[in-house]
Amino acid sequence: MARTIMHIDLDAFFVSVEQVLNPELKGKMVVVGGKPDRRGVVASASYEARAFGLHAGMPLSTATRLCPQAIFIEGNFSRYSEASEKFMAILADFSPFLEPMGIDEAYLDATGFESLYGSILQMAKAIKQRVKDELGLRASIGIASNKVVAKVASDLSKPDGLIIVEAGKGCSFLSPLPINKLPGIGKKTEQVLKGLGVNTIGELANMPLDILKSHFGVFGEVLYQFANGIDDREVETPGETKSISRETTFASDTRDRAFLKATLRYLSERVSAELRERGKLARCVTLKLRYTDFTTITRHYTLKYGDDADQAIFDTGVRLLNKALTADKQLIRLIGVGVSSLAEPERQLDMLDSSAQRRRQLDRTIDRIRKRYGFTAIQTGRTLRLKDIFPETEGGYTLHTPSLSR
Ligand code: TTP
Ligand code: MG
């Protein structure tokens, strides 16, 4: 099912808060960051000042030269964090699936919420209206079926904007835009890409993946996916952990069952170790596979009782994997395993099943040894297969998705 993801970002946030407190500043060239005779940089510039080329990160001395008539304000962070809290509280009224990103931006999963407000457009307008009425601030909103497209859309819509990108249109929406509009592309990456003759996101989307990988490593894969409008990152609500997952992308696509299972075993062990560390049991196990053509599937299985044992998570993952391998014949580029429906352990269940209790005791002993000597100090026959393939570090194997190698 297509998701509905919103990215909401306040316009010229620090400056706008100052303008609410002092309406005389409205409609003027205003810079928050410090007095012009100070060393330091622009934190936020009003859109009127941006017309002179001012932007965040620019030295105040340059800003003064470009726009001497601007009003420079020192700023007061406590005011901004207070406004930020109120802003997030408004958003939380619209959907509990809210992921605050920075001080003035958030992702909101609005899937299924549209009908509550008539339509997604009405919902977005209602958010903008409340932010304006209650805080005096303007919010720009991008709506799409994933995070990356929603973020680019909100940026492009600024100021006071609203852009909806229909499901399936993400790629064509991004295509004509310059590469620096894509999240994650900083000055350095932009320069390398330009050197390769890549100026637009569409050109990046059409680059052979191997070339991107040879220049940027694992990040090349992310760039490729984002440029093609692919992004399956969930909106993650902070606070209590609702799910735990680990995944990795293979150096080359594979259907080698033993290797897939060895990787799945390792990922399952990492997931269950974290479950035990957090003192939770999981009811739902999810397998994620991405195929050569980038289609991604997830398959779930609900356990009868909550569990945190390596073997239980792995066995369920393998069952889902076997089914998926029978159903689809493509090579696999990514495998992941996750758990959700987390609950506190109910100890009395252990008493009924002494083998489960023994397994748990074994897992806990292994956890203690691993804490002391590293994750790979103890391995099952299955994960030993990975020894020759993935580099080993003290913390475990280094998989090819660095952020997920924990
Ligand atoms: P942004 O949302 O990046 O910028 P903005 O809200 O001022 O302008 P717009 O979104 O309309 O483009 O950042 C939010 C606030 O974070 C910004 O008001 C000030 C602060 N900030 C810094 O202090 N330093 C920086 O380099 C950036 C980018 C932001
Ligand atoms: Mg902003």
Side-chain angles (χ1 to χ4, degrees), residues 5-22 25-36 38-64 66-67 70-91 98-108 124 127-132 134-144 147-163 177-178 180-190:
I5 309 293
M6 275 193 194
H7 180 259
I8 307 123
D9 188 300
L10 296 173
D11 295 341
F13 178 48
F14 287 8
V15 164
S16 304
V17 172
E18 297 297 338
Q19 288 171 328
V20 171
L21 294 168
N22 178 5
L25 297 173
K26 281 198 174 145
K28 296 193 176 148
M29 290 161 263
V30 180
V31 169
V32 172
K35 296 290 178 196
R38 292 273 182 86
R39 283 155 55 106
V41 294
V42 174
S44 178
S46 67
Y47 279 78
E48 290 80 2
R50 288 184 207 193
F52 288 78
L54 271 58
H55 58 78
M58 174 183 275
L60 288 170
S61 51
T62 315
T64 326
L66 290 176
C67 190
I71 302 163
F72 289 83
I73 300 173
E74 203 82 65
N76 177 336
F77 197 77
S78 62
R79 288 177 196 159
Y80 313 138
S81 61
E82 197 181 314
S84 173
E85 271 175 34
K86 289 182 181 158
F87 167 58
M88 298 298 173
I90 291 175
L91 298 182
L98 174 72
E99 182 179 352
M101 288 304 292
I103 191 161
D104 78 331
E105 63 175 306
Y107 288 104
L108 196 141
I127 292 177
K128 283 167 71 83
Q129 197 61 47
R130 270 197 64 186
V131 171
K132 192 161 173 233
E134 293 174 31
L135 305 177
L137 301 174
R138 291 186 307 184
S140 292
I141 300 184
I143 301 169
K147 280 181 166 180
V148 71
V149 179
K151 175 151 174 79
V152 174
S154 78
D155 276 356
L156 204 70
S157 79
K158 277 175 173 293
D160 202 13
L162 171 56
I163 289 181
L177 303 174
N180 64 8
K181 294 279 176 211
L182 201 65
I185 298 196
K187 282 264 173 294
K188 239 166 113 187
T189 310
E190 185 184 0

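Because only heavy atoms are used, hydrogens play no part in the values below, and waters and symmetry mates are left out as well, while side chains stay in. As the structure lists them, so they are numbered: ligands from 1, and atoms in each ligand from 1.
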Heavy-atom distance from atom 3 (O) of ligand 1 to the protein below 4.0 Å? no
Numbering as shown, the atoms of ligand 1 that approach Asp9 to under 4.0 Å (heavy-atom distance): 2 (O), 10 (O)
Point-to-point distance, once rounded to the nearest 0.5 Å, from CD of Glu105 to NE2 of His7: 3.5 Å
Against ligand 1, does Glu105 come closer than 4.0 Å with any heavy atom? no
Determine whether more than 12 heavy atoms belonging to other residues, nucleotides or ligands lie under 6.0 Å from atom CD of Glu85. no
May I ask you to list the atoms of ligand 1 that are less than 4.0 angstrom from any heavy atom of Arg50? 5 (P), 7 (O), 8 (O), 9 (P), 11 (O), 12 (O)
Of all the heavy atoms in Pro159, does at least one lie under 4.0 Å from an atom in ligand 1? no
Starting from the Mg ion (ligand 2), look over the N/O/S atoms of Asp104 and name the nearest one. OD2
Which atoms from ligand 1 have a heavy atom of Tyr47 less than 4.0 Å away? 9 (P), 11 (O), 12 (O)
Specify whether the nearest protein heavy atom to atom 18 (O) of ligand 1 is under 4.0 angstrom away. yes
Between Ser16, Ala12, Ala56, Gly33, which one has a non-hydrogen atom sitting closest to atom 25 (C) of ligand 1? Ala56
Has Asp11 got an N, O or S atom lying less than 2.8 Å from the Mg ion (ligand 2)? no
